[in-house]
Colleague: 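Just passing along the structure, written as structure tokens.
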Amino acid sequence: MTATGGGAPSGGQESVVESRSELVEFFDTTLRDGEQSPGATLHPSDKLEIAHQLARLGVDVIEAGFPASSPGDFEAVRQIAREVEGPAVTGLARARRGDIDSVFEAVREAQKPLIHVFIGVSDVHIVKKLGLDRATVLARTAEAVAYARELCPVVQFSPEDAGRADLEYLCSVVDVAVRAGASVINLPDTTGYCLPAEMAELVATVRREVPGMDRVLVSVHCHDDLGLATANSLAGIAAGARRVEGCINGIGERAGNAAIEEVVMALRVRRPTLRLRDNLRATELGPTSRLVSSRTGMVVPPNKPVVGTNAFAHASGVHQHGVLRERSTYEIMSAEDVGAGESQIVLTARSGRHALVHRLDRIGIRIPDEQMQALWQKFLEVADSSKEVEDEALLQIVGELTVHQPPLGSVST
Ligand code: KIV
Ligand code: ZN
């Protein structure tokens, strides 16, 4: 089955309104939160190359870095803002003027500049990390967002650790940020603590309780400490968030962020149920994943959804038989649609004869029926002692049988 992509909305006032509420925007933070993965620090030229690829992928926003963190990152963000066309470009700022000035200087030449301001709002962040109290955090939020708005028309505010904050207090911080001019409120589950139902409740409560939220874009930013980042992002979207933050390959602080490729393919594969659309070019997911992996040095696990090398590989006889007859028996999306090449029939000791014949066929070898049993036995012997039987080993098995039993069939390449 081919995943359904988002179709272009038809004209007319009604469809414009409907399409706006259907659209889920993607905010990519591979170059900021992703780069915070231990060992993943990127050279500015690598950041620029990845940013161009993110633009090809069609993300709506690129968070290019944390300009106040180092002169090198400031320059990297500025170069991306100057050169990369299409997505909005932003950088992260703590709720202080110096950081906000750095972000603005770095992104002001972007086609669509955006300032992203954050401050911790859970009690543990307020007291233990910032050494402040709730009232001071409220005041700093108002001041920082208002200052950012003086510089830039689009300001996103993130109440850090919203997932563990007191909900009533969270709503008052968001209220202050909206009144000060934030047009995007991003709700982060900073520590990956929330369960999906809690993430949904968080989004729903903020949207319901804070005045003026109908004019504000709600975003979610979920970490993967409990392996729930994608589920939590989808729960937030189901509760009305229309922007989702994440990283390619799910990289990021500690266990990482929501993986963009997972969230978008969940939206697409389940479009009949979710009825949402997005602006991504999904065929660029594979190339983007491979680029991010090679530049950050962070290997993609083979079983990683969508972009792992095993994501479209079938190894057991039962599955191979099914897929060879009809792909949708074991595939809910196609490898071609996500830029992952094509699905693979992998030969292992768990494979079946259908897969062996299929592979022989693909490499141009026909085996007479009466010699198939001998070949199968030899194949199993080799497969039992190796993880995977590659074409080279298969050719060798065929060659050996040819030597011992002359009229084995033609071998062509
Ligand atoms: O995880 C987090 O809270 C963040 C914010 C700065 C958005 O990365
Ligand atoms: Zn984060």
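Just the heavy atoms: all of them, side chains too, but no hydrogens, waters or symmetry mates, feed the values below. In listed order, ligands and their atoms are each counted from 1. Numbers for residues simply follow the sequence, beginning at 1.
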Colleague: For the residue pair Asn257 and Asp33, confirm or rule out a side-chain donor-acceptor distance under 3.5 Å.
Modeller: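 Yes, Asp33 and Asn257 have a side-chain donor paired with an acceptor closer than 3.5 Å.
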Colleague: Quick one: does Glu85's side chain get under 4.5 Å of Gln111's, heavy atoms only?
Modeller: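 Heavy-atom side-chain distance check passes, below 4.5 Å.
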Colleague: For the residue pair Arg134 and Tyr169, would you count it as a cation-pi contact if the rule is NZ or CZ under 6.0 angstrom from the ring centre and within 45 degrees of the ring axis?
Modeller: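 Cation-pi check for Arg134 and Tyr169: passes.
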Colleague: Return yes when atom CZ of Arg164 has more than 12 non-hydrogen atoms of other residues, nucleotides or ligands closer than 6.0 Å, and no otherwise.
Modeller: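 Yes.
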Colleague: Only one of Arg268, Arg243, Arg242, Arg271 forms a salt bridge (Lys or Arg N to Asp or Glu O under 4.0 Å) with Asp278, so which one is it?
Modeller: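 That would be Arg268.
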Colleague: Does Ser158, backbone or side chain, put an N or O under 3.5 Å from an N or O of ligand 1?
Modeller: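 Checking ligand 1 against Ser158, no N or O pair falls under 3.5 Å apart.
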Colleague: Before we go on, tell me: are the rings of His319 and His314 under 6.0 Å apart, centre to centre?
Modeller: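 No, they do not, as the ring centres are separated by 6.0 Å or more.
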Colleague: Can you name the atoms of ligand 1, numbered from 1 with element, that are less than 4.0 Å from a heavy atom of Pro188?
Modeller: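 Listed by number with element: 2 (C), 3 (O).
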Colleague: Can you name the N/O/S atom of His221 that is nearest the Zn ion (ligand 2)?
Modeller: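 Per the distance ranking, His221 contributes NE2 as its closest N/O/S atom to the Zn ion (ligand 2).
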Colleague: Looking only at protein heavy atoms, which one is nearest to atom 3 (O) of ligand 1, and what is the separation?
Modeller: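 Checked against all protein heavy atoms, atom 3 (O) of ligand 1 sits closest to Thr190 OG1, 2.6 Å.
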Colleague: Is it the case that ligand 1 has an N or O less than 3.5 angstrom from some N or O of Glu245?
Modeller: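 No, Glu245 has no N/O under 3.5 Å of an N/O on ligand 1.
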Colleague: Just which atoms of ligand 1 are under 4.0 Å from any heavy atom in His223?
Modeller: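 Per the distance check, 1 (O).
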Colleague: Counting C-beta onward and ignoring hydrogens, is there a side-chain heavy-atom pair between Thr30 and Ile251 closer than 4.5 Å?
Modeller: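 They are in side-chain contact.
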Colleague: Can you tell me if Gln156 and Glu245 form a side-chain donor-acceptor pair at under 3.5 Å?
Modeller: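 Yes, because at least one side-chain N or O of Gln156 sits under 3.5 Å from a partner of the opposite role on Glu245.
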Colleague: For the 3.5 Å polar cut-off, considering only N or O atoms, please tell me whether Arg32 and ligand 1 meet it.
Modeller: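 Yes, at least one N or O pair falls under 3.5 Å.
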Colleague: With heavy-atom distances below 4.0 Å as the criterion, list the atoms of ligand 1 near Glu160.
Modeller: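 So the atoms of ligand 1 that pass are 3 (O).
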Colleague: Just give me the atom name: the N, O or S atom of Asp33 closest to the Zn ion (ligand 2).
Modeller: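 Looking at Asp33, the N, O or S atom with the least distance to the Zn ion (ligand 2) is OD2.
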Colleague: With a heavy-atom distance limit of 4.0 Å, tell me whether Asp33 approaches ligand 1 through its side chain, its backbone, both, or neither.
Modeller: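 Side chain only.
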Colleague: Side chain or backbone, does Asp161 bring an N or O within less than 3.5 Å of an N or O on ligand 1?
Modeller: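 It does not: no N or O of Asp161 is found under 3.5 Å from an N or O of ligand 1.
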Colleague: Taking both backbone and side-chain atoms of His221, is any N or O found less than 3.5 Å from an N or O belonging to ligand 1?
Modeller: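 It does: an N or O of His221 is found under 3.5 Å from an N or O of ligand 1.
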